[in-house]
Amino acid sequence: MLFHMENIEIAKIFHEIADLLEIKGENPFRVRSYKNAAHIIEELPENLKSIVEKDESQLENIKGIGKSIHEKIVEIVKTGKCKLHGELLKELPPGLLELLALSGIGPKKVQLLYKELGIQSISDLEKAAKTHKIHMLSGMGEKTEEKILKAIENLKASKGRFKLSLAMTYVTPLLEYLKNIDGVIKVSEAGSLRRRKETIGDIDILVTCKKGAPIMDKFTAYPEVKEVLAKGDTKSTVILRCGLQADVRALEKKSYGAALQYFTGSKAHNIAIRDRAKKMGLKINEYGVFDETTDKWVAGEDEEGVYKAVGLKWIPPELRENAGEIEAALHNKLPDLIDITDIKGDLHIHTRESDGANTIG
DNA sequence: GCCGTTTTCGGCCCGACTGTTTTCAGTCG
């Protein structure tokens with residue numbers, strides 16, 4: 001008898017295990033393994049339950065899932081729960097997980113707040129910040145206290161992830177605005193927006209411009225900006241009135257391809273690409289591809305060059321999830337993605353739920 | 001915890017920004 005478990009539910013368990021281990025201060029690489037496995041499972045086309053049902057050994061073919069996580073997947077599908085997950089939740093209050101959703105709060109701060117002040121929920125944290133108990137902790141100051149209150153406010157106001165189509169209605173005018181700034185050469189979308197995910201968590205924008213262009217001043221002064229979270233020479237983050245977070249990174253033309261590749265992600269894809277580069281004696285960052293020993297610039301002006309430098313064909317952004325696309329690019333087996341010219345028509349059906357003549361059944 | 005086109009042990013991507021520091025740790029993407 002197997003429990004009905006969707007991949008997304010199993011992924012959530014692994015996400016929580018990773019977060020709890022991280023708060024405990026466990027080996028960061030072990031934490032990463034669980035996070036990585038969670039991402040892989042989220043993107044997996046097949047249902048894990050069906051895989052376990054048919055042939056459990058198929059799990060061994062999934063890269064990033066080793067012996068331990070394999071066993072836990074089987075355990076979850078068979079029993080509906082995971083022992084390690086349960087043990088961690090006994091050890092640490094589950095409310096700590098919600099604290100991680102606050103921007104600027106990570107595992108180390110959660111641990112400190114819990115240990116020193118017994119804080120185990122957002123409402124505990126809000127009370128402590130309002131009564132000025134936080135700045136007494138080492139490494140925390142008055143600004144941290146203010147930032148925490150703002151982060152709580154922003155989280156309460158945020159609407160979570162936005163559907164791509166809705167996000168685009170906010171992104172398009174922002175892109176136009178940035179294009180019209182003096183000295184700007186090119187403005188590109190990046191991140192999950194460029195990967196055309198169904199929903200996006202924040203807006204990533206890349207700007208190439210001449211030296212000294214007032215890009216960050218203008219960006220943070222965009223009328224739709226509600227709050228500026230960070231503002232530097234090359235990178236700034238704001239929250240828009242609609243609740244979406246927007247990041248802008250400014251780079252010189254020479255770095256355009258490398259930056260676009262870096263900023264488009266996904267994170268898992270980038271880690272895999274960099275790992276591959278490293279094994280080839282190369283180093284990739286947002287400024288380009290470099291020879292690791294001589295630091296000589298190898299590629300970076302366009303994305304094709306970046307992929308070519310690591311022996312791969314250009315990979316369409318929609319596929320960059322570290323879900324086998326790198327192997328496919330290596331063996332010249334990348335699929336042709338559907339584009340607008342492939343659409344020949346549209347089929348849809350009405351039922352009596354609207355203005356049709358028949359029932360759904 | 002995962003992985004291996006020099007490896008089954010010893011590594012594990014890289015850099016910006018902030019706030020707290022007095023040179024750095026934490027967070028984020």
Side-chain angles (χ1 to χ4, degrees), chain A residues 14 17-18 21-23 25-40 59-60 62-73 84 99-113 134-148 150-151 190-193 195 200-206 216 220 228-238 245-251 255 258-259 261-290 292 310-311 322 327 330:
Chain A
F14 289 133
I17 289 176
L21 288 173
E22 204 170 16
I23 293 169
E26 264 275 359
N27 179 345
F29 299 108
R30 188 178 171 212
V31 171
R32 185 201 281 175
S33 294
Y34 280 105
K35 280 194 179 153
N36 190 31
H39 284 131
I40 291 166
L59 290 174
E60 285 159 24
I62 305 172
K63 212 166 151 248
I65 296 185
K67 189 169 171 281
S68 175
I69 293 179
H70 171 168
E71 283 170 4
K72 287 184 180 68
I73 291 172
L84 173 65
L99 295 177
L100 288 175
L102 293 165
S103 87
I105 300 287
K108 294 283 155 57
K109 287 205 174 105
V110 170
Q111 187 189 49
L112 187 70
L113 291 163
I134 306 231
H135 75 266
M136 276 131 59
L137 301 178
S138 78
M140 306 262 200
E142 287 184 8
K143 284 205 170 178
T144 310
E145 218 160 53
E146 283 168 32
K147 266 184 82 171
I148 284 173
K150 272 192 178 170
S192 51
L193 202 62
R195 300 202 313 280
I200 65 151
D202 60 8
I203 303 172
D204 292 301
I205 296 172
L206 181 67
M216 293 309 170
T220 51
V228 178
L229 292 183
K231 184 183 170 207
D233 293 338
T234 61
K235 182 183 166 184
S236 297
T237 302
V238 304
Q245 181 176 309
D247 293 333
V248 164
R249 179 102 175 202
L251 282 125
S255 311
Q261 197 282 327
Y262 165 86
F263 237 1
T264 298
S266 68
K267 203 170 167 179
H269 174 86
N270 284 356
I271 289 174
I273 291 286
R274 284 170 193 212
D275 185 43
R276 183 176 167 80
K278 206 171 179 188
K279 286 182 179 128
M280 297 171 79
L282 299 167
K283 187 180 76 176
I284 301 182
N285 57 31
E286 59 267 54
Y287 302 110
V289 183
F290 301 89
E292 202 161 37
V310 291
N322 194 26
E327 290 75 12
L330 189 62

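Proteins get letters first, then strands, A, B, ... in listed order; numbering begins at 1 in each.
Atom P of nucleotide B:dG19 and atom CD1 of A:Ile134 are separated by 15 Å, given to the nearest angstrom. In this structure, the CD atom of A:Glu26 is 13 Å from the P atom of B:dC2, given to the nearest Å. The CD1 atom of A:Ile148 sits 13 Å away from the C1' atom of B:dG26 (whole-angstrom rounding). Rounded to whole Å, the distance from CG on A:Leu100 to C1' on B:dG29 is 16 Å.
Figure legend. B:dT8 is base-paired to no nucleotide; pairs are counted as Watson-Crick or G-U wobble with both atom distances under 3.5 Å.
Using P as the reference atom, B:dT8 and B:dG4 are 13 Å apart when rounded to the nearest Å.
Ion pairing between a basic and an acidic side chain is recognised when a charged N comes within 4.0 Å of a carboxylate O; A:Glu22 and A:Lys108 show no such pairing.
Using modelled atom types, one side-chain atom of A:Arg276 and one backbone atom of A:Val310 make a donor-acceptor pair closer than 3.5 Å.
Taking side-chain N and O atoms only, A:Asn285 has a distance below 4.0 Å to OP1 or OP2 of B:dG15. Between A:Ser68 and the phosphate of B:dG1, there is a side-chain N or O to OP1/OP2 separation shorter than 4.0 Å.
Judged by distance alone, with hydrogens and angles left aside, A:Tyr262 brings no side-chain donor or acceptor close enough to the base of B:dG15 to form a pair under 3.5 Å.
Comparing A:Lys278 and A:Thr237 along DNA chain B, the residue whose closest nucleotide (by nearest heavy atom) sits nearer the 5' end is A:Lys278.
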Evaluate the criterion side chain to side chain contact (heavy atoms under 4.5 Å, CB included) for residue pair A:Leu113 and A:Ile134; output intermediate values, then yes/no.
-> CA-CA 8 Å; A:Leu113 291 163; A:Ile134 306 231; 3.8 Å; yes

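From A:Ile65, atom CD1 reaches atom CZ of A:Phe14 across 7.0 Å, with rounding to the nearest 0.5 Å.
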